[in-house]
Amino acid sequence: MIDVRLLRTQPDLVRSALARRGSPELLDQLDQAIAGDERMRDIVAQRDAIRAQVNEMSKQVGALRKAGESTQAEQLQVRSRALGEHERILAAEYDSVQLGVRDVLLRIPNTPHPDAPDGADDHDNPVVAGPVGLPAEFADHQRVAHWASATTLGILDGERATKISGAMFTMQRGLGATLARALCQYALDSNADAFEEIRPPSLVTTATLTATGQLPKFADDSYLIERDDLWCIPTAEVPLTSMYAGEVLDAAQLPLRLMAFSPCYRREAGSAGRDTRGMLRSHEFDKVEIFALATPEQAPGLLAEMVGRVEKLIASLELPYRIIEICTGDMGQSHHRSFDVEVYASGCDNWLEVSSISWFSDYQARRADIRYRVPGAKGTSLVNTLNGSALAVPRVWAAIVENHRQADGSISIPAVLHPYMRGAHVIPAP
RNA sequence: GGAACGAUGGCAGAGCGGCCAAAUGCAUCCGCCUUGAAAGCGGAAGGGUUCACGCCCCGGGGGUUCAAAUCCCUCUCGUUCCGCCA
């Protein structure tokens, strides 16, 4: 959530920041929020004044009763009861206005960082690093799409996955399945020097999915298990962010770094029919996520560090990559600043987004109510959250299968993965 | 799934419907003492909102009452016992 107080005191600042996202209806929402907030405060002032009176009268009633003045006490009770009626009406009005304001507020996206590039959509995302490791030319045997070569090799069985679960589910088998798991192990081990490994739940409550920003606006993108009112996580970011929800951390604990392997579930409601072949887009996939809670001062440094970690990991897999920065028009709702790492897949001749590393300022922390305290300082402050995919399996898997395909049709496995492949260096041609 | 009990500050743990933002202990911080520390002694200290007065917060929600941490209903979570189960 954006800061209502900031919206109240400096509406133009918020307005111009959000205008950079380029959706005009947003400004109407802001006006709605401001108006509702004003009305709320007006009602609260009236309600609290009445409450103060009732509290005061109640004390007097107690004192009068003790003194044996029951007649006076009863008279006071009658007056207090009448005030109570009035208060109840105001309180109900407050509740309904507050609900409305909250709903509007929950749908307003985060303000972009001043340094985030302006732009309308993904075409305006500037390349900020690379391409690195892109050869001048690819051999013909590298120009085979993974869905074809992997199926021939027997390491991908899309047909049977569809039989089991329907469209947009995939299944790896044999060394293909081992490769998928190896990538996760490798990604976790590569970040274990600085991040605590978590194995979080994959089903979460509505409150948890609201904290990160998926709800209420993007409910259609998530799987809901109605019977138990639980949602399937679209990323480990969701449970990791809520781990410390409602808690006040000590500043000395920050930055708090976590990482997690998890399955990720996405309905892909808005992308039906796109990337239906192979492993570029599916309803379920595995991912290793890195995550941090930090002070606002620590956040920029952490963002750079996390981008660097992902870059190093991708480079070590001997894949051509580049890094782009997400422009204001293409940013996710919760993002303050965001970078994508893209890998070039030679077979389908595409740059594939394999990682997104983002800084959320205090937007998610305000929703999740995660604060920290500086010893000696008064009060508490909201933390900043950051996260990024250390490695998302399917697209990296696909890129390896395409880029590392050899003339005989076999796939050479990047050296860093050998220890995780039960010694296999190659996925042999049939 | 059934039954019983429970949920109070960083932790532990009191709390006759009004004198309760809430005893006490531990932990924390400051001071005294000490070469330094421990012990001891003295003191400070919850969160939210508000310019402020004030208002709100004793798991969540609702109710009774002039007045609720306290009574009632309900939900969630926890513990124990039973049942089931990887």
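Naming convention: chains lettered A, B, ... in sequence-line order (proteins, then strands); numbering from 1 in each chain. Note: hydrogens, waters and symmetry copies are ignored here, and every other heavy atom, side chains too, is used.
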Trainee: Mind checking who B:U28 pairs with, Watson-Crick or G-U wobble, both distances under 3.5 Å?
Mentor: B:A44
Trainee: So what does A:Asn55 touch, heavy atoms closer than 4.0 Å: a base, only the sugar-phosphate, or nothing?
Mentor: sugar-phosphate
Trainee: What does A:Arg371 touch in the nucleic acid at a heavy-atom separation under 4.0 angstrom: a base, only the sugar-phosphate, or nothing?
Mentor: sugar-phosphate
Trainee: Could you measure between the two P atoms, the one in B:A45 and the one in B:G40, and give it in whole Å?
Mentor: 22 Å
Trainee: Say we look at B:C81 and B:U70: how far apart would their P atoms be, to the nearest angstrom?
Mentor: 30 Å
Trainee: Would you kindly compare A:Val54 and A:Arg373 by the position of their nearest RNA chain B nucleotide and give the one closer to the 5′ end?
Mentor: A:Arg373
Trainee: Who is the Watson-Crick or G-U wobble partner of B:C77, with both distances under 3.5 Å?
Mentor: B:G6
Trainee: Given the P atoms of B:A4 and B:C85, what is the spacing between them in whole Å?
Mentor: 24 Å
Trainee: Less than 3.5 Å apart, any donor N or O on the side chain of A:Asn384 or A:Tyr363 sitting next to an acceptor on the other?
Mentor: no
Trainee: Within a 6.0 Å radius of atom CZ on A:Arg102, are there more than 12 heavy atoms belonging to other residues, nucleotides or ligands?
Mentor: no
Trainee: Between B:C5 and B:C73, how many Å separate the two P atoms, rounded to a whole number?
Mentor: 12 Å
Trainee: Chain A on RNA chain B: first and last contacting nucleotide, 5' to 3', under 4.0 Å to a heavy atom?
Mentor: B:G18 to B:A67
Trainee: In whole Å, measure the gap between the P atoms of B:G9 and B:G15 for me.
Mentor: 15 Å
Trainee: On RNA chain B, does the nearest nucleotide to A:Val61 precede the nearest nucleotide to A:Arg41 from the 5' side, or the other way round? Give the residue.
Mentor: A:Arg41
Trainee: May I ask you to say what A:Ser58 touches in the nucleic acid, namely base, sugar-phosphate or nothing, with a heavy-atom cut-off under 4.0 Å?
Mentor: base
Trainee: Could you measure between the two C1' atoms, the one in B:G61 and the one in B:A14, and give it in whole Å?
Mentor: 27 Å
Trainee: Rounded to whole angstrom, note down the P distance from B:G6 over to B:C55.
Mentor: 33 Å
